[in-house]
Amino acid sequence: MDKKISVVLIIALLMTLALAGCGGSPSEPAEIETPDNSQTPVAEEPVSQDGGNIVMVVEQDIDYLDPHLAAASGTEEILFNIFEGLMHPDSTGAVYPAVAESYDISDDGLTYTFTLREGIKFHNGEPVTIEDVKYTMDRIMGTETGTPLRSELANVASVETPDDSTIVFTLNQRDSAFLSNLYYAKIVPKTNEENFNTFPIGTGPFKFAEYLPEQRVVIEKFEDYWQEGVPHLDQVEFRIIPDREAALLSLQLGEIDMFPRLPIDRVAELGEGFKTIEGSSNMVQLMPMNNNVEPFDDIRVRQAVNYAVDVDEIIEAVAFGYGRKLGSNMSPVMAKYYKEGLENTYDYDPDKAIELLTEAGYPDGFDLTITIPSNYQFHVDTGQVIFQQLANVGIDVEIELVEWGVWLERVYQGREYQATIIAFTGKLDAYKVLNKYISTDRTNFFNFENAEVDELMAAAAQELDDEAAVEMYKRVQEIITENAPAVYIMDPEFSIAMKENISGYVLYPMYAQDMSTVYFE
Amino acid sequence: MLYFARRFISLIVTLVVVSMIVFVLFQIIPGDPALTILGMDADEAQLAALRAQLGTDQPLINRYADWGRGILKGDAGQSLRFSMPVTSLIKSRLPVTLLLSIMALVMAVAIAIPLGVIAARSHGKWSDYVISIVTQLGMAIPSFWMGIILILIFGVRLQWFRAGGYVPWSDSPIDSIKSLFLPAVAIAIPVIATIVRYLRTTVIEQLKLDYVRTAYSKGLSKKNIVYRHVLKNSLIPVITVMGMIIASVLGGSLVIEQVFALPGIGRLLVSSISYRDFYLVQGMVMYIAVAIIMINFLVDVIYKFLDPRIKLR
């Protein structure tokens with residue numbers, strides 16, 4: 001009898017070993033080929049200007065390694081280090097020539113001529129040729145396939161390469177955003193066509209090394225980078241940890257060196273050995289109201305809600321005071337375009353709100369469903385505060401939490417909602433921030449319609465005089481505020497936490513983690 | 001032989017039914033994979049290109065048929081989100097979940113069986129009460145909460161183990177086991193509690209039976225009786241429970257993987273559901289269903305070992 005029990009035990013033991021063996025055998029993990037099988041970098045690094053490895057936590061996995069297919073902000077901020085367009089953004093949000101050395105715009109604003117930067121190389125050591133640049137543009141515009149990969153170059157009529165260092169773009173109509181749109185046309189070598197989404201090659205300060213889905217993206221120093229003196233680091237690992245608490249623990253334990261977008265109220269938990277850089281996120285948090293749906297088809301109701309919501313209280317309660325109050329769809333970070341003074345248009349005034357509601361025929365308020373994506377705790381918390389504030393004027397709020405995928409399909413794309421709470425991430429160009437208010441725009445899920453805004457936006461897009469365009473964008477912000485398609489809440493401030501000996505980090509007004517300037521003291 | 005044929009047919013039927021349930025659920029839940037993958041910042045051209053590439057502009061019934069045809073040829077299709085074959089994604093994640101489940105089970109069995117017997121032997125004494133109270137607690141505490149507490153104590157305060165993350169077996173087997181130790185404990189604790197309570201009851205019942213009295217009258221020692229005769233008989237119902245427990249260990253590992261940020265099947269499953277990755281979800285559900293059916297099969301075989309009177313039918 002004992003024998004039989006031990007037989008069972010032996011079988012169990014053998015199974016354990018056999019299965020444990022599965023882990024050790026080189027049985028093809030879904031790992032994308034890597035040049036070297038480097039281990040996770042350890043915390044101790046030499047103290048010097050150059051060299052060293054950094055682990056930065058990121059919340060979400062990337063969508064694509066192929067820079068032309070990638071769309072998510074979380075991917076954009078990583079690929080920022082690997083790729084450059086003819087133009088590339090700096091930390092003010094302006095663009096400078098990168099793969100191009102210089103450019104020239106014709107007087108009518110329809111022809112852009114770029115000269116290729118001399119001696120610039122791809123990560124595989126091959127020189128960047130004008131064919132590669134042309135190939136990139138054709139790929140994005142879908143010249144051969146007929147279907148464009150992205151719409152940034154939709155306004156381009158033709159691309160020509162008169163000699164092997166010049167590329168000429170002819171536009172259908174004048175386009176003030178064209179130069180900054182070229183950032184999205186990241187230059188790739190034609191020879192790498194097969195591997196765009198598995199082993200991407202670009203011209204940026206870091207080259208791609210490894211991607212393990214849901215685990216990490218690793219990039220390494222590119223020795224032949226065209227800008228002198230950067231990058232400093234040997235390697236950067238973007239470690240994907242979706243759970244904020246787990247990420248924070250890893251930071252405290254020293255397994256992670258940098259934590260972008262840490263809410264400011266969590267900084268106190270870090271303890272010794274860390275420093276933080278605070279900044280605005282160039283986000284616009286807002287509560288859109290569906291302008292086509294009763295009762296929000298009445299401007300008085302929308303304004304009433306604006307008067308009833310106390311934004312200062314939300315900033316205090318949800319962001320612990322760390323947020324910039326907004327009055328329209330533009331963050332103060334976009335200093336050039338930001339229209340000042342709008343944030344006080346609808347100062348908290350519940351009596352005025354009730355008055356407007358009464359005028360509109362809702363003296364006793366109404367029932368309101370606010371649909372909020374459940375994965376954004378920040379918006380959910382905001383919803384709780386608004387719930388209370390609207391109750392004071394008789395509006396009976398029900399908060400409906402939905403999954404992110406459902407929100408995108410039903411609210412953002414399907415426009416089937418009453419009100420929602422969301423944030424727009426920052427863009428380089430004011431046009432890309434405000435285009436969602438154009439009545440025909442796909443992303444106008446407010447169902448906002450205003451003829452003057454449509455005209456101004458069309459004019460601003462073609463206006464080559466920067467100052468005139470800025471004035472138009474400011475006027476658009478004013479009109480938006482007057483018409484109140486949403487309650488504009490705040491641009492939340494956040495911290496980038498890092499180990500004390502890390503320096504050189506620069507904040508961008510958009511989703512970008514520029515690791516090229518980062519170094520160890 | 002008939003037994004195996006029967007098992008095999010039930011395996012096939014279960015898989016078909018399970019895959020249809022996934023299909024129906026996907027019909028019901030809203031959500032567009034292309035939109036979820038690319039997010040709010042995607043432009044129309046990108047969305048259209050991706051939808052065409054993914055084939056999500058096709059009705060789901062067509063995709064299900066495609067998937068079914070593929071499966072018959074041994075091809076589980078491509079993940080929508082990772083543009084990789086479903087099988088290689090699952091293969092890369094399976095070792096983590098398997099190792100974690102096995103560690104948890106080994107721990108559970110190694111601790112629970114002696115503890116259960118001790119509780120039964122000391123029936124009515126203080127040690128029995130202590131074990132009862134502790135196991136009651138163990139069953140009541142959810143494993144994800146236990147996981148967080150374990151991280152806080154052993155990961156953050158004492159720093160004996162990693163607080164999360166996974167070291168691949170190929171990097172270092174010892175570190176690999178160390179990185180899975182805390183999650184395995186978190187899964188094992190409620191399992192231990194369940195087995196102990198079950199075993200305690202059955203051992204106490206068995207001790208009252210005639211054959212035990214006979215054994216006593218033959219002059220065998222209590223220890224001898226308990227371990228050589230009673231335990232074996234008591235294990236039969238415990239093995240039945242074990243079949244269910246293994247399924248719950250697999251389920252538990254899905255939750256615990258989130259808490260400890262382990263790159264196992266669980267995390268992949270959760271994220272692929274939120275990305276509406278139809279083929280990947282189908283693939284993983286198939287794997288899990290096969291695993292559960294195989295375990296039940298194994299349980300039957302173990303019955304036969306423990307009690308030759310049982311016939312496999």
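Lettering follows sequence order; numbering is per chain, from 1.
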Fill in the blank from the handout: With chain A, the option among B/Val96, B/Thr36, B/Leu94, B/Leu38 that has the most non-hydrogen atom pairs under 4.5 Å is B/Leu38
Practice task
Please name the residue in the list A/Thr75, A/Asn195, A/Leu149, A/Asn197 that meets the side-chain contact (heavy atoms from CB on, under 4.5 Å) test with A/Asp66.
Solution key: A/Asn197
Problem - B/Thr97 versus B/Glu257, side-chain donor and acceptor atoms under 3.5 Å - result: yes
Problem - Proximity breakdown for B/Arg267 and chain A, heavy-atom pairs closer than 4.5 Å - result: both
Fill in the blank from the handout: Value for CG (A/Leu153) from OH (A/Tyr184), rounded to nearest 0.5 Å, stands at 12.0 Å
Problem - Salt-bridge present (A/Arg410, A/Glu400; N to O < 4.0 Å) - result: yes
Practice task
Go through the atoms of A/Lys427 and report whether side chain, backbone, both or neither lie under 4.5 Å from a heavy atom of chain B.
Solution key: side chain
Problem - More than 12 heavy atoms from other groups under 6.0 Å of CG on B/Leu158 - result: yes
Practice task
Could you point out which residue of A/Trp404, A/Phe446, A/Phe445 forms a ring-ring contact (aromatic ring centres under 6.0 Å, His included) with A/Tyr412?
Solution key: A/Phe445
Exercise for the section: Could you look at A/Ala247 and say if it's the side chain, the backbone, both or neither that has a heavy atom under 4.5 Å from chain B? Expected result: neither
Handout entry: Contacting region of B/Leu105 [heavy-atom separation from chain A under 4.5 Å]
Key = neither
Exercise for the section: Pick one of side chain, backbone, both or neither for A/Glu214, based on which atoms fall under 4.5 Å of a heavy atom in chain B. Expected result: both
Handout entry: chain B contact via A/Ser151 - side chain, backbone, both or neither, heavy atoms under 4.5 Å
Key = both
